[in-house]
2 protein chains.
Amino acid sequence: MSTMDLHIPREVSSLRQQVTDRLRDAILYGAFEPGQKLVERELCEQLGISRTLLREALQHLQAEGLIVNVPHKGPSVAVIDAQEAREIYQVRQSLEALAGEGFARNATDDQVRRLRLCLNYLHTPDAAANMLVAKNGFYAILLEGCGNNVVGQMLTQLNNRVTLLRRVSLAKQGRLPETLKELGAIVDAIEARDPELAGRLCAQHVAKAAEVVAGQFANTTEPNRKPEK
Amino acid sequence: MSTMDLHIPREVSSLRQQVTDRLRDAILYGAFEPGQKLVERELCEQLGISRTLLREALQHLQAEGLIVNVPHKGPSVAVIDAQEAREIYQVRQSLEALAGEGFARNATDDQVRRLRLCLNYLHTPDAAANMLVAKNGFYAILLEGCGNNVVGQMLTQLNNRVTLLRRVSLAKQGRLPETLKELGAIVDAIEARDPELAGRLCAQHVAKAAEVVAGQFANTTEPNRKPEK
DNA sequence: ATTGACAGATTGTATGACAATATGGGAGAA
DNA sequence: TTCTCCCATATTGTCATACAATCTGTCAAT
């Protein structure tokens, strides 16, 4: 490389950023149930920060669609219903096709290699333990190499929102072999540098996932769920 | 309609919401230049609110990608460079195709009628005066009727970000006749209830707009722009 | 002209305060 | 008993203030 990168990242600090990230993780990894009310005072104590800071972080997460806020009732974790899930998966289908296509077209050979390695790792029992994290690694490489950061941001947002449907990931466990086969086909198309095929396979992959989610919703129908007081 | 809507919207209040909206409009409609530094104290005075509230609003807009924040240097209006513009238009192309396709498939006859009316209005000299608002009306109907709110949210975000490139809209003025012709073709396809065609035409329309923007960027090349101190 | 240090300005975070609104519970009526 | 109304309490919405951390521009010294 011609010039060395001497940049020192200062963004590691910024307490607010840390708070936002922590809260986001807490929501995504299930520390709070969807629909659960978030009480400011409690969160302040748990995080050891002031209300000022907490409320700024909440605003950020609200803009990301992870929490909703009813005036004078307080924020609560967003709830994804069947309709919204359908819509999200439809959009994901378009965007992941775009990402896959872009990756096959623009990624460096090294990125393609790393994608293949990541896929191999997904086959190991080690990955099966925490599939969520492992699969996120795969997507991270895909989004990094697709040559379009914007699509990455959008997909990350959408992904976070579907992650709120955590019961879904359980259903995915049984589908793991198929999932891996589909991902394998995608990587094959990428290695062959066939953008059109890669994009189509990505779209199909998301479509399959959407079916599973839809089925899950059909089962989990709760005719008259009582809000716990 | 079977049931009357007695809902009284309380969201009209919420000072924070108003502040956020005002700031967003101010940024989008050009009260601030892209890249301009936003000084908290000044904004507080101009808006007549406390720093607490202002900073919450800024967090929200930051999450929307309209402002960026460098720690201890303060927030500033986001700047879109050529690369990012390309990426945004690429994503828009996919999503507007999705919206157009969905509209042709799912919109009510009344919504189709309103879309046609809006297009007719766009031909009047009255609309030419403030094309920005008029065109937003067209998109609002499209997004409302496409049966997918999520794609609406995503496109709104993207649209806001390209609006930061206001010089672009000037370039569009000369392209107005073509624009109207393209929109006309889209509405035709929708009235014919041909989702596949409508989607393709939407994608083409965005692609054309992207070309214009790209050309504009090529002209506006500023080899060594000095940051004004 | 360059370096260095200092003063002022701005942001980052915390605290306390008070008004507005929501919530739960009890007193009283049917 | 059950329902209704009202109130005490809790929580949110917003503000003012304070202080530490950091940036920025200036001015002196070399």
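Chain A is the first sequence line, chain B the second, and so forth, proteins listed ahead of strands; every chain is numbered from 1.
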B:Arg41: what forms a salt bridge (Lys or Arg N to Asp or Glu O under 4.0 Å) with it, not counting sequence neighbours?
-> B:Glu45
So which protein N/O to nucleotides 4-11 of chain C N/O distances come out below 3.5 Å?
from   : atom 1 : to      : atom 2 : distance (Å)
C:dT11 : OP1    : B:Glu40 : N      : 3.4

Here the distance between atom P of D:dC15 and atom CG of B:Leu47, to the nearest Å, is 11 Å
Under the salt bridge (Lys or Arg N to Asp or Glu O under 4.0 Å) test, residues paired with B:Arg51 that sit two or more places apart | B:Glu40
Side chains of A:Gln59 and B:Arg55, donor plus acceptor under 3.5 Å = no
Rounded interatomic separation in angstrom, taking CD from A:Gln17 and P from D:dA21 = 21 Å
List for me each residue that meets side chain to side chain contact (heavy atoms under 4.5 Å, CB included) alongside B:Gln111, sequence neighbours excluded, and say none if there are none.
-> B:Phe103, B:Ala107, B:Thr108, B:Arg114, B:Glu144
Salt bridge (Lys or Arg N to Asp or Glu O under 4.0 Å) against A:Asp25, all qualifying residues, sequence neighbours excluded | none
Residue pairs passing the salt bridge (charged side-chain N to carboxylate O under 4.0 Å, His left out) test where at least one lies in residues 76-90 of chain B, sequence neighbours excluded | B:Glu84-B:Arg161
The side chain to side chain donor-acceptor pair (under 3.5 Å) partners of A:Asp110 (sequence neighbours excluded) come to none
A:Lys208: salt bridge (Lys or Arg N to Asp or Glu O under 4.0 Å) partners, not counting sequence neighbours | A:Glu182
For atom CG of B:Leu15 and atom P of C:dT21, their distance in whole Å = 13 Å
Got a sec? Which of residues 57-66 of chain B come in under 4.0 Å of DNA chain D, heavy atoms?
-> none
